[in-house]
Protein chains: 2
Amino acid sequence: MEYAPIACSHHDHNHCISDALEAARQLCLGRGVRLTDLRLQVLELIWQNHKPLGAYTLMEMLARANTRRVAPPTVYRALDFLLEQGLIHRINLLNAFIGCPSPNIKHQSHFLICHACGIAIELDQPELSQKIIGVAQEAGFRVEKQSLEVSGLCANCASDPAVSTSI
Amino acid sequence: MEYAPIACSHHDHNHCISDALEAARQLCLGRGVRLTDLRLQVLELIWQNHKPLGAYTLMEMLARANTRRVAPPTVYRALDFLLEQGLIHRINLLNAFIGCPSPNIKHQSHFLICHACGIAIELDQPELSQKIIGVAQEAGFRVEKQSLEVSGLCANCASDPAVSTSI
DNA sequence: TTGGCCTATGTTACTCTATAACCTTTCGTA
DNA sequence: TACGAAAGGTTATAGAGTAACATAGGCCAA
Ligand SMILES: [Zn+2]
Ligand SMILES: [Zn+2]
Ligand SMILES: [Zn+2]
Ligand SMILES: [Zn+2]
């Protein structure tokens, strides 16, 4: 393996969570938008691990945490906010949502998705974004948003499927 | 504009349709799989233009053409077959399906999608596929399937939105 | 500090997308 | 012609997302 993405290796995930939440707080403060309790709670749930979560899974988690029913619009509105602020990405392949590790930097949505363990690894490859823009321009196309979703096996699952599901 | 994708220019679309259907017939014959009336009909409907169609839109079109109700599983089974054979692609961004112009050649699903006129332009860029595989390999990831969905404005819509909706 | 406004959340009902399960028909082959 | 497999029909239901309207909470100006 050339380099192990953090999502794909054993690591202190509490660190991922606290970093993400702190970044979100700073970002919202700086932009003058409100990171309400609900929005923060949804973001925290999404960051529970590196696997994309569906809106209805989040709904159940919210309902359990708050010991009351939570309806779809509640969670979708929070998700919409987080998407707008770039704090999460939507994985179209899975109808699911995942936290963005670098919400401060404007970038495209490029993911590696393991169909064995379910993790989604966000790529940070501006060069790839540029390449895609170049290819599009050759066709006279004006790019607004890219979504690259590569499915396959992550490093762990490729070497030992049994182990990686526990991460 | 550097080169105009056929989907994006005025062209004899009947030619697109007949080419696609003939290619499908040959491909299925060669593989020993059955291109039934229903499957052919769905493929033909999908090739109606270069815009992805949803399963429920196809259902209605089928119902109208056959003057009887058509239930979801009917169309989804046909779509599954066409997907398996590589005769169509699924656009996750739109929950919709579009005909593949080169089903004979194994390739990845790379699309430019215009949000103004709705057309989807399939890219043919093996070099881009390789680049993506390379980037994934650097993360120890074994690629099985790529889905690149770029949204923005096609050449027509970028220059004159009013015109292009009529293509 | 109060009133009013804007934003966020709650609630109900609904649409759109997709699949499970089971039955009937059709097709190719023995 | 009879049989087994594959395809299609039917009903019901799961899963994902939104519309529309009511209520609550924060913010600011008078
Ligand atoms: Zn982590
Ligand atoms: Zn994995
Ligand atoms: Zn055409
Ligand atoms: Zn267009």
Side-chain angles (χ1 to χ4, degrees), chain A residues 24-25 28-29 31-46 51-85 87-98 118 147 149, chain B residues 24-25 28-29 31-46 51-85 87-98 118 147 149:
Chain A
R25 268 186 280 261
C28 289
L29 197 64
R31 292 181 188 168
V33 295
R34 288 168 57 194
L35 186 60
T36 62
D37 286 350
L38 178 65
R39 292 165 175 175
L40 185 61
Q41 197 182 2
V42 170
L43 184 61
E44 193 168 1
L45 288 172
I46 286 179
K51 302 177 188 179
L53 287 180
Y56 278 68
T57 305
L58 282 165
M59 255 182 61
E60 285 169 24
M61 295 165 85
L62 277 174
R64 207 164 306 151
N66 301 343
T67 59
R68 63 183 170 78
R69 182 172 179 272
V70 174
T74 300
V75 66
Y76 277 105
R77 279 188 290 233
L79 290 169
D80 286 345
F81 171 85
L82 297 172
L83 284 170
E84 273 166 28
Q85 299 303 323
L87 294 167
I88 62 174
H89 294 282
R90 184 176 198 280
I91 308 289
N92 293 320
L93 189 63
L94 305 174
N95 294 339
F97 304 85
I98 189 160
S147 162
E149 296 176 355
Chain B
R25 269 186 279 261
C28 289
L29 197 64
R31 292 182 189 168
V33 295
R34 289 169 55 196
L35 186 60
T36 63
D37 285 351
L38 177 67
R39 291 165 175 177
L40 185 61
Q41 197 183 1
V42 170
L43 184 61
E44 194 168 2
L45 288 172
I46 286 180
K51 303 177 187 180
L53 286 180
Y56 279 69
T57 306
L58 283 165
M59 256 182 60
E60 284 169 24
M61 294 165 85
L62 277 175
R64 208 164 305 151
N66 300 343
T67 59
R68 64 181 170 78
R69 182 173 179 271
V70 174
T74 299
V75 65
Y76 276 104
R77 279 188 289 234
L79 289 170
D80 286 344
F81 171 85
L82 297 172
L83 283 171
E84 272 165 28
Q85 299 303 323
L87 293 166
I88 61 174
H89 293 282
R90 183 175 200 284
I91 307 289
N92 293 319
L93 189 63
L94 305 174
N95 293 339
F97 303 87
I98 188 159
S147 162
E149 297 176 354

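Atoms considered below: every heavy atom in the structure, side chains included; atoms not considered: hydrogens, waters and symmetry mates. Sequence lines set the chain letters: A, B, ... in the order given, protein chains first and strands last, and positions in each chain run from 1.
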In whole angstrom, give the distance that lies between atom CG of A:L79 and atom C1' of C:dA8.
15 Å
Shortest non-hydrogen contact between B:F81 and B:R34, atoms and distance
CZ-O, 3.6 Å
I'd like a table of atom pairs between the protein and nucleotides 11-17 of chain C - only N or O on both sides, under 3.5 Å - with the distance next to each one.
none

When you measure from the side chain of B:R31 to the backbone of B:Q85, do you find a donor-acceptor pair of N or O atoms at a distance under 3.5 Å?
yes
Using whole Å, what does the distance between atom C1' of nucleotide D:dA7 and atom CG of B:L82 come to?
13 Å
How long is the line joining CG of B:L35 and P of D:dA6, in whole Å?
18 Å
Rounded to whole Å, how long is the line connecting atom CG of A:D80 with atom P of D:dA16?
16 Å
Identify the two heavy atoms, one from B:M61 and one from B:L45, that lie closest to each other, and give their separation to 0.1 Å.
CE-CD2, 3.8 Å
Main-chain N/O of A:A63 paired to A:R69 side chain as donor or acceptor, under 3.5 Å
no
Donor-acceptor contact present, side-chain B:E149 to main-chain A:S147, <3.5 Å:
no
Might you point out which heavy atoms bring B:H89 and B:L83 nearest each other, and give the distance in Å?
C-CD2, 3.8 Å
Between the protein and nucleotides 4-7 of chain C, which nitrogen or oxygen pairs are less than 3.5 angstrom apart?
none

Rounded distance in Å - CG (B:D37) to P (D:dG9)
11 Å
Would you kindly give the CG-to-P distance between A:L83 and D:dT18, to the nearest whole Å?
11 Å
Can you find a heavy atom in the side chain of B:N66 that is under 4.5 Å from one in the side chain of B:Q41?
yes
Within this structure, what is the CG-to-P distance between B:L38 and C:dC27, rounded to whole angstrom?
13 Å
Is the closest side-chain heavy-atom distance between A:I46 and A:L87 below 4.5 Å?
no
